[in-house]
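First comes the structure, then the notes that go with it.
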2 protein chains.
Amino acid sequence: MVRSLTDEQVLRALMRHPRLTRAELATETGISKPTAGESVRRLSEAGLVVDTGERTPGGRGMGRVGSYYSLAPDVGTALAVSIAPEGVVAEYINAYGDSIARAEAGVGRPARPDDVAEALGRAVAEFSFPVRFAVVSAADPVDRHTGRLRQLPDAPFLLGEIDPVAVLGERVDGPVLVDNDVNWAAEAERKAAPLDDFAYVFLDEGLGCAIVSDGEVRRGHHGLSGEVAHLITEGPGGRAMPLIEVFGELGLRRPGTTAIDVERLLDTRPPEVVTAVGGLIAALATLIDPELVVIGGRWGTPLLGALADETDQQPRPVRLQAAAVQQEPSLAGARAEALDRLRSQIIGP
Amino acid sequence: MVRSLTDEQVLRALMRHPRLTRAELATETGISKPTAGESVRRLSEAGLVVDTGERTPGGRGMGRVGSYYSLAPDVGTALAVSIAPEGVVAEYINAYGDSIARAEAGVGRPARPDDVAEALGRAVAEFSFPVRFAVVSAADPVDRHTGRLRQLPDAPFLLGEIDPVAVLGERVDGPVLVDNDVNWAAEAERKAAPLDDFAYVFLDEGLGCAIVSDGEVRRGHHGLSGEVAHLITEGPGGRAMPLIEVFGELGLRRPGTTAIDVERLLDTRPPEVVTAVGGLIAALATLIDPELVVIGGRWGTPLLGALADETDQQPRPVRLQAAAVQQEPSLAGARAEALDRLRSQIIGP
DNA sequence: CCTTCTAGGCAAGGGGCCTGACTAGAATGG
DNA sequence: CCATTCTAGTCAGGCCCCTTGCCTAGAAGG
């Protein structure tokens, strides 16, 4: 849409500051005044920038009044959506990074696919902004290419096989980007504390893990990296078994579902669980070599101390830490990504 | 050294073709003739490009003869080195990607650190080109920041704690880049068959594994990703234990060393080994989600079929394949990297 | 010695940026 | 009412780097 480097700088300046005069744009970007003026002219013509009608105050010897320019109100918004067993949250954000609207919708328990899809539709329908695209966080494995949720054999599967791309496609002009909630939480963590190499282990009803290598979340070929239910670890009695089976053997899975029974786990805190998760952290240490393993989730955080004691004994110890972003971490990550992409899309190729 | 985009294009063209006239440069790069001529003038002045003295043939109506230009002979060479228990290989390459000299030096068995360092010095001393930098492959864990080899507790350690940066530093003008042999083999594999997400499992005297995610080898924070000796897997009797211990329990480690006894392993081919490596592949499948797992190494390739049968049964099966690059794979990867870096360094920042 | 034909160079032009100088224009104070 | 004050915005000129179009260089064959 826009090709000149100057125009990009002007747009980025207007994303940081809601209104600027041409002279302010010139000093802010380091571009000369004539060039900034020319860029504003081009961008106004393209409809990306508008004269707000506001003028600089003027006053005793304050010189000629200037016109304030800002991004056109219709440059578009993006949608950040979180789909979790607790419910669906949809947030609309603008190019400044403001959340301009928010809608929530509950999901019955246990979550049924139709329920979830319906709640998603309800949350998004509550407002109707022109949305350029959506970023979706879902609390289940996500196929990287189709954006659909995928059930893996005998692994926790909380939302059912829904297709966020299909549900949101009608209400969104552009593409719909779907990914696993833990990946988005790791993205939020990465932006909060800029570490290049870490893993995020999320221990809740589901088991999740995200991997950040060389400063980016690594999703793997199908987008299923970090789906650790079948990782071989040490189970009760020193037997080797897939991680998820440990919870089955200890009676810590909610009957009739694939979910882990968090309340019971927190009541009993069996050492076998700590050992089993220790095996996961050892696998991360050997395969990924993270600087840090971030622990989150409803039972991960409470067990952090015990896990740290366990991993300190291992031949390749690794530092454990609670997540820095505690408030809606997945939505925060999705929101940050939506903002980045919205801005890039406005600036164009 | 060179900043203009034009100059970069001209240099890259001269790296692809050993000699070109200004007119050929213009058509090859898509740049106009005057600009190409100007670039040649700048680059000649900077000493990067020289008039070879050769002239185009001319002939019946063949027009004015042109002057051939090529990279200056002293733009520099790079060194690709492989350090393995079998011996040391040093290859000098020029900016065209030709191997211009090669030296080998044996290492006694078992390899002692002094031996290895001495062989390395010998191999490199055999020629003396002006070397801009070196890329080193070492058959042991490499610390990403220091370039030193690192022994991990109870893991195979074949070369001893040598410091390639110190040994090569004197003979090389620029930096010395050291990495694990399996990472370089994966790099060679990546260039041969452009896959974005795969893992390379190397089963030989040492155990190694390289991870390619989103088209790059991922080394982890310390450079120790893929050092899988302590991964928890299924050992004899279904017991959970670190991968390396399986070999100890089965009497497959060479007495007095940390290495695996490949001959004995190939004689007996115990199913426990297949199961244990199956656990490694399962861990890769869950944590990394590769499109493919490449199997290499002296006992990896022969056991490929058995391993494939094992992984087919797993809840997240993954395709196994023998390595495409069989001839000195680590050196091939180091060579390719050396070429890329040499070229970038000539072109400048 | 003329013809043939391409390598290389020159001239002019254009895009996008700069600097420096000029103009616009509103509020204030006499 | 008009001069003053002061900055926003614009105009003019110039630089850099690229382009196209055209001209010259120059070797070999007829």
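Treat the numbers as computed from the prediction; the structure is a model and nothing was measured. Naming: A, B, ... by sequence-line order, numbering from 1 per chain.
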Give a yes or no on whether B:R12 atom CZ has more than 12 heavy-atom contacts from other residues, nucleotides or ligands under 6.0 Å away.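 Counting other residues, nucleotides and ligands, CZ of B:R12 exceeds 12 neighbours.
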A:D214 vs B:R144, salt bridge (Lys or Arg N to Asp or Glu O under 4.0 Å): CA-CA, chis, key distance, verdict: CA-CA 12 Å; A:D214 295 327; B:R144 187 176 187 172; 3.0 Å; yes
Could you state the atom-to-atom distance from [atom1] of [X] to [atom2] of [N] in whole Å?
X: A:R55; N: C:dA26; atom1: CZ; atom2: P; result: 10 Å
X: B:E54; N: C:dA7; atom1: CD; atom2: P; result: 16 Å
X: A:R22; N: C:dA24; atom1: CZ; atom2: P; result: 15 Å
X: B:R19; N: C:dA7; atom1: CZ; atom2: P; result: 13 Å

Counterpart residues, side chain to side chain contact (heavy atoms under 4.5 Å, CB included), relative to B:L339 (two or more places apart):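 With sequence neighbours excluded, B:L339 shows a side chain to side chain contact (heavy atoms under 4.5 Å, CB included) to B:I93, B:R343, given in chain and number order.
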Students often get this wrong, so: under 4.0 angstrom with heavy atoms, is B:T56 touching a base, only sugar-phosphate, or nothing?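 Touches nothing.
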We want to know whether A:S39 and A:D7 form a side-chain donor-acceptor pair, criterion being a heavy-atom distance below 3.5 angstrom.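 Distance-only check passes for A:S39 and A:D7.
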Please determine whether a side-chain nitrogen or oxygen atom of A:R41 lies at a distance below 4.0 Å from atom OP1 or OP2 of D:dT10.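 Checking D:dT10 against A:R41, no side-chain N or O comes under 4.0 Å of OP1 or OP2.
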Minimum heavy-atom distance between B:G333 and B:A188, given as atom pair plus value: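 Smallest heavy-atom distance, with atoms named: N-CB, 3.5 Å.
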Quick test of your reading of the model: are A:E45 and A:R42 salt-bridged, counting only N-O distances below 4.0 Å?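 No, this pair does not count.
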Nucleotide by nucleotide, 5' to 3', does protein get under 4.0 Å of the base (B), only the sugar-phosphate (S), or neither (-) in nucleotides 15-26 of chain D, counting heavy atoms? ---SBBB---BB
